[in-house]
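First comes the structure, then the notes that go with it.
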Protein chains: 2
Amino acid sequence: MTTTPTRTERRSDALTRRRIIDTAIALLDEGGTEALTFRTLSAALSTGAGALYHHVANKGELLAAAAMAKLTAVLAAAGDGGEAAGGIRALTTALFDAITAHPWLGSQLVAAPWQPAVLQLFDAIGSKLTALGVPERSQFDAASALVHHILGVASQYDAGRRLAGTTSRPVFLDFASTPLVEEGGEAPAYPFLARVVRELVEHDDRAQFQAGIDIILAGIDVLTRTDRAAVQKGE
Amino acid sequence: MTTTPTRTERRSDALTRRRIIDTAIALLDEGGTEALTFRTLSAALSTGAGALYHHVANKGELLAAAAMAKLTAVLAAAGDGGEAAGGIRALTTALFDAITAHPWLGSQLVAAPWQPAVLQLFDAIGSKLTALGVPERSQFDAASALVHHILGVASQYDAGRRLAGTTSRPVFLDFASTPLVEEGGEAPAYPFLARVVRELVEHDDRAQFQAGIDIILAGIDVLTRTDRAAVQKGE
DNA sequence: ACCTGAACACCGTTCAAGT
DNA sequence: ACCTGAACACCGTTCAAGT
């Protein structure tokens with residue numbers, strides 16, 4: 001109960017980089033990207049806007065740090081999940097759920113894909129591919145394909161959330177596809193969209209995400225078999 | 001030579017939606033996203049900033065219209081490319097090249113994935129999948145996976161370009177991966193990254209993009225065969 | 001060394017006033 | 001109906017002045 005305060009952190013409300021990032025995450029989780037401002041953040045911390053610059057370089061670095069903290073927590077919570085293909089599915093699904101619950105995370109990963117958070121994600125996926133037996137020369141392409149799929153879905157989801165403010169998604173899709181389909185009079189200008197528009201509206205985001213992962217995993221499996229066959233033939 | 005001017009467009013410099021969008025595209029192509037402002041745009045058009053709002057609703061709509069115009073041009077220039085898997089490769093590669101040459105296009109597609117431009121892209125890819133013989137129930141997932149991969153790569157590329165302003169990419173990657181790898185003392189914290197970091201730095205973006213497309217196409221092929229076998233068995 | 005908060009240099013957008 | 005351009009309500013960031 002009587003914890004001895006350290007020299008650097010006497011009071012629990014001392015302004016520190018960790019506390020800034022945690023508060024930023026809280027604001028982002030509650031109100032999305034637009035809720036985080038150096039003004040709202042400094043107000044939440046009961047300090048001046050300029051004070052924050054003593055602990056973070058700028059807003060980009062702050063967002064990257066927030067994303068890194070969040071991603072680390074998500075990956076840790078997801079656990080190991082095993083080393084087979086199921087482990088990759090568990091990891092990617094956990095990430096999808098995190099992005100769904102915290103859309104700002106997805107948009108941040110997409111906005112700056114070279115940030116540490118994305119590198120960590122890349123590494124987590126790549127390690128599992130190695131354990132899965134994917135040949136060395138294909139691991140990089142395979143990991144990239146999986147990460148790109150996650151980033152692509154992440155961008156979709158964040159935009160969908162932004163849209164939700166103005167109109168519900170099914171309504172919007174109806175609006176978006178109808179003029180395209182009927183344009184031109186006779187033959188539909190966008191035949192494929194016209195045919196699958198019902199699926200577009202009614203589909204389950206999560207199931208579709210996993211279907212995409214499965215397609216990529218199947219492709220990776222083909223790559224692995226091809227490579228093994230080539231090795232056996234002596235090349 | 002003596003073209004009769006229409007009633008609505010007497011002078012060639014009349015302020016019109018088409019001219020606004022074309023000028024916006026020119027600014028974006030020259031200086032990237034940050035070069036397009038209602039102030040720079042109105043200056044380039046020799047008009048007031050407020051005048052633009054008589055022809056476009058807001059900046060989001062302007063960017064969506066610019067992306068749509070650019071994408072339509074790209075898809076038209078790419079031609080049909082045939083209906084087989086090679087047609088999809090031709091189409092996606094043309095898109096990659098367009099995003100490489102005009103990074104603002106990629107970031108705009110990523111920022112608002114429900115915009116007409118993305119729907120058009122989705123349709124173009126979906127139509128080719130139909131012709132390729134992908135079973136009806138899998139077309140949506142397959143098209144989504146391909147579009148997501150394109151969007152994922154698009155986000156990577158735009159961010160890479162933004163980085164290029166401060167430091168070259170190889171240097172940045174060295175900076176980004178080194179502390180991660182050496183952290184912790186003995187065992188590398190990011191074993192996969194440490195192993196493939198050379199590939200990360202030296203890889204060819206275009207080849208990697210195509211490798212990703214090939215992985216997805218291989219996965220789609222597996223899906224197609226599985227479905228055909230199921231149909232033959234009677235289900 | 002850290003914090004304050006007014007000030008600066010931008011944005012997108014609006015709107016009374018003109019034509 | 002269209003255009004003008006000053007004004008408004010925001011941003012991220014800086015910096016002299018305090019403690």
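Any value given below was found using the heavy atoms of this structure, including those in side chains, with hydrogens, waters and symmetry copies removed.
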| field | Main-chain N/O of Pro116(A) paired with Gln120(A) side-chain donor or acceptor, under 3.5 Å | value |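 Such a contact is absent between Gln120(A) side chain and Pro116(A) backbone.
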| For Leu27(B), does its backbone N or O pair with a side-chain atom of Glu30(B) as donor and acceptor, under 3.5 Å? |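 Answer holds: no.
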Report the distance from atom [atom1] of [X] to atom [atom2] of [N], rounded to the nearest whole Å.
{"X": "Leu52(A)", "N": "dG5(C)", "atom1": "CG", "atom2": "C1'", "answer": "12 Å"}
{"X": "Arg19(A)", "N": "dC2(C)", "atom1": "CZ", "atom2": "P", "answer": "15 Å"}
{"X": "Tyr53(B)", "N": "dC15(C)", "atom1": "OH", "atom2": "P", "answer": "12 Å"}
{"X": "Arg39(B)", "N": "dA7(D)", "atom1": "CZ", "atom2": "P", "answer": "13 Å"}
{"X": "Ile20(B)", "N": "dC2(D)", "atom1": "CD1", "atom2": "P", "answer": "11 Å"}
{"X": "His54(B)", "N": "dG5(D)", "atom1": "NE2", "atom2": "P", "answer": "13 Å"}
{"X": "Glu34(A)", "N": "dC11(D)", "atom1": "CD", "atom2": "P", "answer": "10 Å"}
{"X": "Asn58(B)", "N": "dT14(C)", "atom1": "CG", "atom2": "P", "answer": "8 Å"}

Does a side-chain heavy-atom distance below 4.5 Å link [X] with [Y]?
{"X": "His148(A)", "Y": "Gln208(B)", "answer": "yes"}
{"X": "His102(A)", "Y": "Val74(A)", "answer": "no"}
{"X": "Tyr190(A)", "Y": "Leu119(B)", "answer": "no"}

| query | Considering the options Val153(A), Val147(A), Thr100(A), Leu121(A), which one meets the side chain to side chain contact (heavy atoms under 4.5 Å, CB included) requirement together with Leu95(A)? | reply |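 Of Val153(A), Val147(A), Thr100(A), Leu121(A), side chain to side chain contact (heavy atoms under 4.5 Å, CB included) with Leu95(A) is met by Leu121(A) alone.
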| Nearest to the side chain of Phe38(B), which nucleotide is it out of dC3(C), dT13(D), dT13(C)? |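 When the side chain of Phe38(B) is considered, dT13(C) is the closest of dC3(C), dT13(D), dT13(C).
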| said: Taking Watson-Crick (N1-N3 plus N6-O4 or O6-N4) and G-U wobble (N1-O2, O6-N3), each under 3.5 Å, can you produce the dot-bracket string of DNA chain C? Use [ ] for crossing pairs and | for inter-strand ones. | reply: ||.|||||...|||||.||
| message | Using the ring centroid of each side chain, check whether Phe140(A) and Phe122(A) are separated by less than 6.0 Å. | response |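 Close enough - the centres of the two rings lie under 6.0 Å apart.
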| If only side-chain N and O atoms of His55(B) are considered, is one of them under 4.0 Å from the OP1 or OP2 phosphate oxygen of dC2(D)? |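 The answer is no; no side-chain N or O of His55(B) sits under 4.0 Å from OP1 or OP2.
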| message | With nearest nucleotide decided by heavy atoms, which residue, Ala51(B) or Lys59(B), maps closer to the 5′ end of DNA chain C? | response |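 Its nucleotide being nearer the 5' end, the pick is Lys59(B).
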